[in-house]
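Whatever order the structure lists ligands and atoms in, that order sets their numbers, starting from 1. Positions are given from 1, in the same order as the sequence printed here.
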Amino acid sequence: MTTLSFEFFPTKTEEGTEKLLKVRDELAAFNPEFFSVTYGAGGSTRDRTYAIVKAIQERGIAAAPHLSCVGDSKEDLRSLLNEYKDLGINRIVTLRGDLPSGAGLASSELRYANELVEFIREETGDHFTLEVAAYPEMHPQATSFEKDLEHFVNKVKAGADSAITQYFFNADSYFNFVDRVRDMGVDIPIIPGIMPITNYSKLARFSDACGAEIPRWIRKQLEAYGDNNDSIQQFGEEVVTEMCHRLLEGGAPGIHFYTLNQSEASLRVWRNLI
Ligand code: FAD
C-alpha cells in the first residue's frame, strides 16, 4: 500500500490558522496516514506547533509533531513528549534542527538527531513511532556523502522506525541513497519528501538553503516562464508527477508532501498518481 502524508508549518495568526484548518479538511478527504507539523529549533514555535497538532488530532487524523533537539534542554523535551503523549500522539519526526544563527550546537545537551532518537527511546520506550530525516543529495553541512550515510545509519540504529527525505527533483538520487543504505543494513521505509513546484523564486531560495538541487533543465524552463504562474504550475505538476510515478514504480513506499500549508498543488500531483 502506498502511504500518503502531508507536512504543515505552524501558523502565526488566527486568520492563518483558519485557512490551515480548511486545508487540513480538504487533504483529510484523501485519508493520509498523518499530518506532520514543523517545529522551530530551540522551541521558537513550541506553543504554535502544539496548537496545530492538537487541532489536527481533534479532527480524528493522526498528527506527527516535528521535534528538534538543538537549543532545547532535555527537561524541555521531556515535558513536551509528555504533553504529546497525553494528547494521544504516537508519531514524532525526530530532528536535530537548525538554529537561525547556527549557534547553540556546542552548548546543546543533545547535538544530533541520533541522540534525540536515543533520548526519546530511553524516556518513552516504544510509545512513539519515530521518523528521521534523510538526504539523498547529502545534508549541506556533511563533510562527505559517506559520512552522511554513516550518520543516517546511526539514527536508524538508535531506534528510528521510518525516514522522510529532504525534497529532490532527481529520482536517481533517491534510488542511489536507498541502495547505499540498504547495503549498510538499513531496512526501514524511506519515504520521499515531495515539494510541488508553484513559484520559481521561492523554490530557488529554499533549495539553496537546504541543499536540494534543481536540475538545470528544470531551472532554465522555470526561468523562461518568468511571471507566467499558470505555465510554472502546469510544468511543475508534470515534472513532479512524472518523478513520483518513477519513485513509486521503483519501490518508494509512499509520498510525503511539503504542502507549504496549501492543498492545491499537492492534490494535483496526488490525483495524477491514484
Ligand atoms: P542530523 O541527522 O543530526 O545531521 C545533521 C548533520 O550533522 C549532518 O550533516 C550529519 O551528517 C551530521 N552528523 C550527524 N551526526 C553526527 C556526529 N555524531 N558527528 C558529526 N556530524 C554528525 N528543521 C527544523 O528546524 N524544524 C523542522 O520541523 C524540520 N523538519 C524537517 C523535516 C524533514 C523531513 C527534513 C528532511 C528536514 C527538516 N528540518 C527541520 C531540517 C533539519 O532540521 C536540518 O536539515 C538539520 O540541519 C539537520 O537535521 P537532522 O535531523 O537531519 O540532523
Of L95, T38, T45, L149, which has the heavy atom at the shortest distance from atom 29 (C) of ligand 1?
L95
Heavy atoms only: which of G97, A209, S36, G193 lies closest to atom 43 (O) of ligand 1?
G97
Test of proximity, [X] against ligand 1: N or O pairs below 3.5 Å:
X    : value
K155 : yes
Y39  : yes
N114 : no
D98  : yes
A113 : yes
E7   : no

Within a 6.0 Å radius of atom [atom1] on [X], are there more than 12 heavy atoms belonging to other residues, nucleotides or ligands?
X    : atom1 : value
E150 : CD    : yes
K147 : NZ    : no
F206 : CZ    : no

In ligand 1, which numbered atoms sit nearer than 4.0 Å to a non-hydrogen atom of [X]?
X    : result
Q141 : 9 (O)
D148 : 8 (C), 9 (O), 10 (C), 11 (O)
I164 : 34 (C)
A142 : 9 (O), 11 (O)
Q166 : 36 (C)
A133 : 35 (C), 36 (C), 52 (O)

Please list every donor-acceptor pair under 3.5 Å in which a side-chain atom of residues 212-226 meets a protein atom from a residue at least two apart or in another chain.
from	atom 1	to	atom 2	distance (Å)
Q221	NE2	Y225	OH	3.4
E223	OE2	Y200	OH	3.1

Tell me, which protein residue and heavy-atom name are nearest [atom], and how many Å apart are they?
atom                    : result
atom 45 (O) of ligand 1 : Y135 OH, 2.7 Å
atom 30 (N) of ligand 1 : H66 ND1, 2.9 Å
atom 34 (C) of ligand 1 : Y258 OH, 3.2 Å
atom 21 (N) of ligand 1 : H151 CE1, 3.3 Å
atom 7 (O) of ligand 1  : Y112 CE2, 3.4 Å
atom 51 (O) of ligand 1 : R96 N, 2.8 Å

List the atom of I61, the atom of P32, and the distance in Å for their closest heavy-atom pair.
CG2-O, 4.2 Å
Can you see which heavy atom on I232 is nearest to which on N199, and at what distance?
CG2-N, 4.2 Å
Give the intermediate values and the outcome of side-chain hydrogen bond (donor to acceptor under 3.5 Å, both in side chains) for residues D76 and S73.
CA-CA 5 Å; D76 291 337; S73 68; 3.2 Å; yes
Under-4.0 Å salt bridge between [X] and [Y]:
X   : Y    : value
K22 : E26  : no
K54 : D86  : no
R78 : E122 : no
R46 : E83  : yes

Could you walk me through whether H66 and T38 satisfy the side-chain hydrogen bond (donor to acceptor under 3.5 Å, both in side chains) test, starting with their C-alpha distance in whole Å, then the side-chain angles of each, then the deciding distance to 0.1 Å, before giving a yes or no?
CA-CA 5 Å; H66 294 207; T38 63; 5.5 Å; no
Of the backbone atoms (N, CA, C, O) and the side-chain heavy atoms from C-beta on, which set of H139 has a member under 4.0 Å from an atom of ligand 1: side chain, backbone, both, or neither?
side chain
Taking heavy atoms and a distance under 4.0 Å, where does S68 meet ligand 1: side chain, backbone, both or neither?
neither
Using heavy atoms and a 4.0 Å limit, tell me yes or no: is F145 in contact with ligand 1?
no
Enumerate, atom names and distances included, each donor-acceptor pair closer than 3.5 Å involving a side-chain atom of residues 165-178, sequence neighbours excluded.
from	atom 1	to	atom 2	distance (Å)
T165	OG1	G193	N	2.8
Y167	OH	S207	N	3.2
Y167	OH	S207	OG	2.7
N170	OD1	D172	N	3.0
D172	OD1	R246	NH2	2.9
S173	OG	N170	O	2.7
Y174	OH	I190	O	2.6

Is atom 4 (O) of ligand 1 less than 4.0 angstrom from some protein heavy atom?
no
Between E131 and S162, is a side-chain hydrogen bond (donor to acceptor under 3.5 Å, both in side chains) present by the stated rule, with each step listed?
CA-CA 5 Å; E131 306 276 346; S162 182; 3.1 Å; yes
